[in-house]
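So that the names make sense, note that chain A is the first sequence line, chain B the second, and so on, each numbered from 1. Below, all heavy atoms of this structure are taken into account, side chains as well, without hydrogens, waters or symmetry copies.
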Amino acid sequence: SDDALTAIADRALERETGARGLRSIVEAALMDVMFELPSRDDVIKCAVTRDTIERGLPPTLVTEAPDRQQRAADPASGRPPYVIAIPPPNVTGALHMGHALNNSIQDVLIRWHRMAGFETEWICGTDHAGIATQAQVEKALVREGTSRRELGRAAFLERVWRWREEYGGTIIGQLRRLGCTLDYARERFTMDDGYARAVTRVFVALYERGLIYRDHYMVNWDPGLGSAISDLEVEEREVTDTLWSIAYPLADGAGELVVATVRPETMLGDTAVAVNPEDPRHRHLIGRSVVLPLVGREIPVIADDYVRTDFGTGCLKVTPAHDPNDFEIGRRHGLPAVPVIGEDGRMTPEAGERYAGLTPAEAAARVVDDLRAQGLLRAEEPYTHTVPFSHRSGARVEPLISLQWFCDMERLAAPAIEVVRDGTVRFTPGQWGDVYLRWMQEIRPWCVSRQLWWGHQLPVWYRGDEVHVGPEAPAGEGWERDPDVLDTWFSSALWPFATLGWPDETPELRAFYPGSVLSTARDIIFLWVARMVMMGLEFRGEVPFRDVYIHSVIQAPDGRRMSKSLGTGIDPLELIDEHGADALRFGLLLMSSQQDVRFSAEKIRQGRQLVTKLWNASRLVVARGGRAGHATPPEPATLADRWMGARVAAALEEAGALVAAYDFSRLAKLLYELVFDDYCDWYLELLKADEGSPEVAGDLLEQILALVHPLMPFVTEACWEGMPGAAGLLAVHAPPRPPHGRDAEAEAAIRDLQEAVTALRAYRNQADVPPRETLRVHAEDGGRLAPTAAAFQALARVELAATPVDGTIVAVPFGRLHVARAAAAIDMGAERARLGAERERVEAELRRAEGMLANERFTSRAPAHLVDAERAKVTRYTAARAALDERLAALGA
RNA sequence: GGGCGGUUAGCUCAGCGGUAGAGCACCUGCCUUACACGCAGGGGGCCGACAGUUCGAACCUGUCACCGCCCACCA
């Protein structure tokens, strides 16, 4: 391991000193390499259970990733670095399945590009998660019999910081267990000093550019939280309420108007009744007034297009203080707003003595009672509609007018729309780009202030009517800082550049902005992705990333959402304990898709099977004398070598395309098949039959390990370490090199071999021939099996006879195999039925193909190669049918 | 109310215009000295319904039926 360290240090020195003068990076990298890189034993720490030792099974790999990612970039290439900023997990959070999938994906991308020679940077860090964290600490305080208010702001914040020290960041350790090669050395936190500086700078700049302003406006008030929340934090839920019809007497005593409402308590704040100007039923009332029951206030009847004539009575009570629509109507007509529900979620004194202090629900009941007593209730009926609830606290959102800070989004959105339209930023799958655009085009102001303590306090000071926005209080006495903090997403929006030292022009910022890819779940496209694009463009003049990959959502096995509260969550850490991190990573990637998928434990088990397979295959190859570290690919000695080399080369090419397309499910599948089907089931079997050379087997294993490594870093690293000739970490291995290109001759020969071996195995099963029994076979094959005759005899356990033998005919696409075994051993009836069915299938296909060829419209219109394909099929099926006829005849049919 | 996605083998999912695929589960053989967390062989599907386009449709178009998600200020 000392050699490895030295080599890495040497390479780092050489590399970094040439790298665009990034002095601080050079020093940091060298320090890490020299003093902090764990030894190989730490990197590949294998927890070997008693069971695995006793049974000789492979180790269960549950280790942690290296502390420091290795940069293997070639600065001479001039390629831009490959950069991903992790979606910062909540500092107090625990790793869940979404994190596990998303970070597996990112690690594949990072490792893949690192091995491909890119300089890579995977920005690491956590989010302070204002509301979630504050809520957790508050809960703890309640258990201790105290509260946030009791402690006071300063003591409370101190407490949160301590909480963070104690419980925060465990998720980062969990990412290590997953094997993620983040840049742990440069871990950031959205509340660290440098980051706070960036947040302040952005707020002040946006204020100075006129994009941030303070206003009395209708906000979503979360009474549970005691704070305003943004539109995106509101969730509409269907609720069945009662729709009450209430009579409002006309002020002149000439009758009444009837309005309908599900919130009778808000009538206390009504300042008008609106009707549609086109409505003949009510037109004559416009400009007159009604007396608001229970209150006695005289309010006008106004005309507004917003009122529907086909709903309810056509009369709308207008409560500008507590309904977003009414708020707009109020602004249009200059109506006063009478707030009757306060920020504490209770009725205000303005609601009247009789109602003040009640909850809205209590007030509603009392209002209804009172109206009924006065004979003003006209009707009540059940009514199902959607009602806003807080995503955060679960409380029913109370729309009310409040003085808050807003960010005007329209100007910021314009260029962010453009970059997605013109493809500068590309979503995968592409449909999410449309979703993004639709939202951006109808973007509304963002309420960025929160009435919380944990977060970035607004850089705003007040003195009387004076307002100062800036990093510090202005000179002079009496300035008080705004107690509110910023929406957590405000700071998250700066993540791609604030983590790199902005607003300073640091070397990291110059080197690693803009990033390459953002990988995330779709639920934060608006909350986070869109805002990063806007802020990146506004403050760096460049998009923060070129590609946005939206991964699938993994649901519980029963199709419900995976969530702790539903009890449907599955803990990825337990899966790591049970199957190892590689198995989890692989399984999740295999599951992932363009659409939502249900979690299936089988996929994780499949991952584990691949781990085991690689381990066992490595043992075999090493035992046979295979080694790693060939400077140039060893010359293939056999057809099997050539064939397998071609398979690896093909897989390599395909894998590259799949990574580029973010198709991780297919990538996982491709590698699984390469290892199981091609390398183990065929090539290693051929190797055992001395039809492959250990030199090539070792080299191919090395390439396969390198290819699989981004998905399964632990087992591949362990296998690699066990190979003679292996030096250094596989993680910084050169990219897998295609051993040889296509090899038509070898591929054809091995295909013939596979067909013959498979046909004989099938025959053996049907004819109930013991696997150990060697069969005498005469091949009528036009010499097709000659190049692989020895392999054929070994794998099919046959002895080739030069002269014809009597017995059974086994058909292969290129001829017939005569097996010297009496057909009597076979269940004649069953065999005849089976062959008959097979013949029928072939016959049907033949008829279909002939039918197509007989159709003049097909032969004249379809592309030539498809017509040729059909002709070839006819030839093939005719031959197959003849062979089947022959076998049926031999059976005496 | 608007939009998006889904409906394919018992289960979880691929395939998206030219003979229906994988893994798991199932059945039958094998402890073949890398691996029984394995190997070999096999059974199983009118591709949600209906109509249309096409020489040809699981795949394209339309309608419908369920299921899921997102957006939305009709009291």
Side-chain angles (χ1 to χ4, degrees), chain A residues 55-58 218 236 243 259-263 266 274 306-308 310-319 323-328 383 385-386 388 399 429 431-432 434-435 438-439 442 522-523 525-526 553 555 557 559-561 579 583 590-591 593-603 605-606 608-624 665-666 669 672-673 680-681 684-685 687-688 757-758 761-766 768-772 797 834 841-842 844-846 848-849 851-852 854-863 866 869-870 873 877:
Chain A
R55 297 167 63 197
L57 296 176
M218 174 112 337
E236 299 286 332
L243 184 66
V259 298
T261 181
V262 291
R263 308 254 351 235
T266 61
Y306 170 77
V307 183
R308 310 255 321 212
D310 58 353
F311 187 90
T313 58
C315 299
L316 173 70
K317 63 190 273 306
V318 182
T319 322
D323 182 281
N325 298 314
D326 295 6
F327 179 75
E328 294 299 332
Y383 183 68
H385 62 148
T386 59
Q431 76 223 43
W432 298 111
D434 299 332
V435 171
R438 265 195 296 274
W439 182 74
E442 293 187 9
R522 59 161 184 267
D523 55 345
I525 291 176
F526 309 143
V553 172
Q555 304 169 326
R560 288 189 292 168
R561 206 165 53 84
H579 297 108
L590 192 59
M591 260 177 251
S593 159
Q594 303 247 343
Q595 61 173 66
D596 290 354
V597 288
R598 297 180 183 205
F599 178 81
S600 66
E602 292 91 60
K603 297 290 194 293
R605 267 182 248 127
Q606 221 177 312
R608 175 150 187 182
Q609 283 162 347
L610 182 55
V611 168
T612 308
K613 201 68 173 173
L614 283 168
W615 177 261
N616 286 319
S618 299
R619 280 171 47 204
L620 172 67
V621 170
V622 170
R624 291 263 165 180
S665 175
R666 277 187 164 166
K669 201 168 180 175
Y672 187 91
E673 284 166 1
C680 291
D681 292 348
L684 290 186
E685 290 306 317
L687 177 75
K688 287 198 287 191
V757 170
T758 303
R761 283 170 178 167
Y763 162 78
R764 239 178 231 282
N765 264 275
Q766 287 148 21
D768 219 10
V769 179
R772 294 199 161 276
R797 205 179 277 270
R834 199 189 65 81
R841 214 205 86 229
V842 170
E845 281 308 319
L846 193 54
R848 190 195 53 79
M852 279 172 79
N855 184 337
E856 189 272 333
R857 296 213 280 178
F858 171 67
T859 49
S860 62
R861 291 192 206 179
L866 292 176
E870 289 308 315
K873 283 177 198 170
Y877 293 137

Notebook entry, point to check: Considering only side-chain heavy atoms of P771(A), which listed nucleotide, A22(B), G29(B), A34(B), is closest?
Noted result: G29(B)
Margin query: I'd like the C1' distance from C70(B) over to G18(B), given in whole Å.
Written below: 37 Å
Notebook entry, point to check: With distance as the sole criterion, do the side chain of K669(A) and the base of A14(B) form a donor-acceptor contact below 3.5 Å?
Noted result: no
Item checked: Protein-nucleotide distance (Y672(A), atom OH; C13(B), atom C1'), rounded to Å -> 15 Å
Item checked: Span that lies between the P atom of G68(B) and that of C73(B), in whole angstrom -> 23 Å
Next item on the list: Give none if A20(B) has no partner; otherwise give the nucleotide forming a Watson-Crick or G-U wobble pair with it, both distances under 3.5 Å.
Entry: none
Notebook entry, point to check: Whole-Å distance between C37(B) P and R608(A) CZ?
Noted result: 10 Å
Item checked: Donor-acceptor contact present, side-chain D768(A) to main-chain R764(A), <3.5 Å -> no
Check: Do Y672(A) and K613(A) come within less than 4.5 Å of each other through their side chains, counting heavy atoms only?
Finding: no
Margin query: Please give the distance between the P atoms of C64(B) and G23(B) as a whole number of Å.
Written below: 39 Å
Next item on the list: Step by step, work out the side chain to side chain contact (heavy atoms under 4.5 Å, CB included) result for L610(A) and Q606(A).
Entry: CA-CA 6 Å; L610(A) 182 55; Q606(A) 221 177 312; over 6 Å; no
Notebook entry, point to check: Toward the 5' end of RNA chain B, which comes first, Q431(A) or Y306(A), by nearest nucleotide?
Noted result: Q431(A)
Next item on the list: Could you tell me whether E685(A) contacts a base, only the sugar-phosphate backbone, or nothing, with contacts defined as non-hydrogen atoms closer than 4.0 Å?
Entry: base
Margin query: If you compare every side-chain N and O of K613(A) against the phosphate oxygens of A36(B) (OP1, OP2), does one of them come in below 4.0 Å?
Written below: no
Note to self: Let's see if you can work this out: which of A75(B), A22(B), G5(B) has an atom nearest to the side-chain heavy atoms of Q595(A)?
What the structure shows: G5(B)
Notebook entry, point to check: Given that Q609(A) and S600(A) both sit by RNA chain B, which one's nearest nucleotide is further toward the 5' end?
Noted result: S600(A)
Check: So, R560(A) side chain and Q555(A) main chain: donor-acceptor pair closer than 3.5 Å or not?
Finding: no
Margin query: Considering every strand and a 4.0 Å limit on heavy-atom distances, what is the contact class for V307(A): base, sugar-phosphate, or nothing?
Written below: base
Next item on the list: Write down the distance separating the C1' atoms in G38(B) and U33(B), rounded off to the nearest Å.
Entry: 14 Å
Checklist line | Length of the line joining W432(A):CH2 and C69(B):C1', which is rounded to integer Å | finding: 7 Å
Next item on the list: Report yes if the side chains of L684(A) and V621(A) come closer than 4.5 Å at any heavy-atom pair, otherwise no.
Entry: yes
Check: So what does R797(A) hit on the nucleic acid, given a heavy-atom distance under 4.0 Å: a base, only sugar-phosphate, or nothing?
Finding: nothing
Next item on the list: Report the distance from atom CD of Q555(A) to atom P of U12(B), rounded to the nearest whole Å.
Entry: 11 Å
Check: Considering Watson-Crick and G-U wobble pairs with both distances under 3.5 Å, what does C69(B) pair with?
Finding: G3(B)
Next item on the list: Go through the steps for D326(A) and L316(A) under the test side chain to side chain contact (heavy atoms under 4.5 Å, CB included), then give the verdict.
Entry: CA-CA 9 Å; D326(A) 295 6; L316(A) 173 70; 4.2 Å; yes
Margin query: Under 4.0 Å, heavy atoms only, any strand: does A762(A) hit a base, just the sugar-phosphate, or nothing?
Written below: sugar-phosphate
Next item on the list: Could you tell me which nucleotide pairs with A9(B) by Watson-Crick or G-U wobble geometry, both distances under 3.5 Å, or answer none if nothing does?
Entry: none
Notebook entry, point to check: Does C30(B) pair with anything, Watson-Crick or G-U wobble, both distances under 3.5 Å, and if so, with which nucleotide?
Noted result: G38(B)
Note to self: Would you measure the distance from the P atom in A58(B) across to the matching atom in C35(B) and give it in whole Å?
What the structure shows: 46 Å
Check: Expressed in angstrom and rounded to an integer, what is the separation of Q766(A) atom CD from A40(B) atom P?
Finding: 16 Å
Next item on the list: Round to the nearest Å and state the distance from Y383(A) atom OH to A75(B) atom C1'.
Entry: 7 Å
Next item on the list: Taking only the side-chain nitrogens and oxygens of Q606(A), find out if one of them lies under 4.0 Å from OP1 or OP2 of A22(B).
Entry: no
Next item on the list: Identify whether any heavy atom of R764(A) sits under 4.0 Å from a base atom; if not, whether one sits that close to sugar-phosphate; answer base, sugar-phosphate or nothing.
Entry: nothing
Check: Atom CZ of F526(A) to atom C1' of C69(B): distance rounded to whole Å?
Finding: 12 Å
Check: What does R666(A) touch in the nucleic acid at a heavy-atom separation under 4.0 angstrom: a base, only the sugar-phosphate, or nothing?
Finding: sugar-phosphate
Next item on the list: Name the nucleic acid region contacted by R308(A), choosing base, sugar-phosphate or nothing; use a 4.0 angstrom heavy-atom cut-off, strictly under.
Entry: base
Margin query: Return the pairing partner of G52(B) with a 3.5 Å limit on both distances, Watson-Crick or G-U wobble; otherwise return none.
Written below: C60(B)
Item checked: Side-chain donor/acceptor of S665(A) to backbone N/O of M591(A), under 3.5 Å -> no
Next item on the list: Would you classify M852(A) as touching base, sugar-phosphate or nothing, given that sugar-phosphate means primed atoms plus P, OP1 and OP2, and contacts are heavy atoms under 4.0 Å?
Entry: base
Checklist line | Under 3.5 Å on both distances, the Watson-Crick or G-U partner of C47(B) | finding: none
Next item on the list: Give one of base, sugar-phosphate or nothing for R605(A), where a contact means two heavy atoms less than 4.0 Å apart.
Entry: nothing
Check: Which part of the nucleic acid, if any, lies within contact of C315(A), taking any heavy atom under 4.0 Å across all strands shown: a base, the sugar-phosphate backbone alone, or nothing?
Finding: nothing
Checklist line | K688(A), nearest nucleotide to its side chain (from G41(B), C35(B), A72(B)) | finding: C35(B)
Notebook entry, point to check: Using a cut-off of 4.0 Å on non-hydrogen atoms, how would the nucleic acid contact of F599(A) be classed: base, sugar-phosphate, or nothing?
Noted result: nothing
Margin query: At 4.0 Å (heavy atoms only), tell me whether T758(A) reaches a base, stays on the sugar-phosphate, or touches nothing.
Written below: sugar-phosphate
Item checked: Nearest-Å distance once atom C1' is located in both U28(B) and G43(B) -> 10 Å
Notebook entry, point to check: Touch check for D523(A), heavy atoms < 4.0 angstrom, all strands: base, sugar-phosphate only, or nothing?
Noted result: nothing
Next item on the list: Name the closest nucleotide to the R438(A) side chain, picking from U32(B), C13(B), C4(B).
Entry: C4(B)
Margin query: Any side-chain to backbone donor/acceptor pair from N616(A) onto T612(A)? Under 3.5 Å, distance only.
Written below: yes
Next item on the list: Considering only atom C1', compute the distance from G3(B) to A75(B) and round it to an integer number of Å.
Entry: 25 Å
Next item on the list: Run the salt-bridge test on R522(A) and D596(A) with the 4.0 Å N-O cut-off and return the result as yes or no.
Entry: yes
Next item on the list: For G42(B) versus A25(B), give the span between their C1' atoms, rounded off to a whole number of Å.
Entry: 14 Å
Next item on the list: Write down the distance between CG (D434(A)) and C1' (C71(B)), rounded to a whole number of angstrom.
Entry: 14 Å
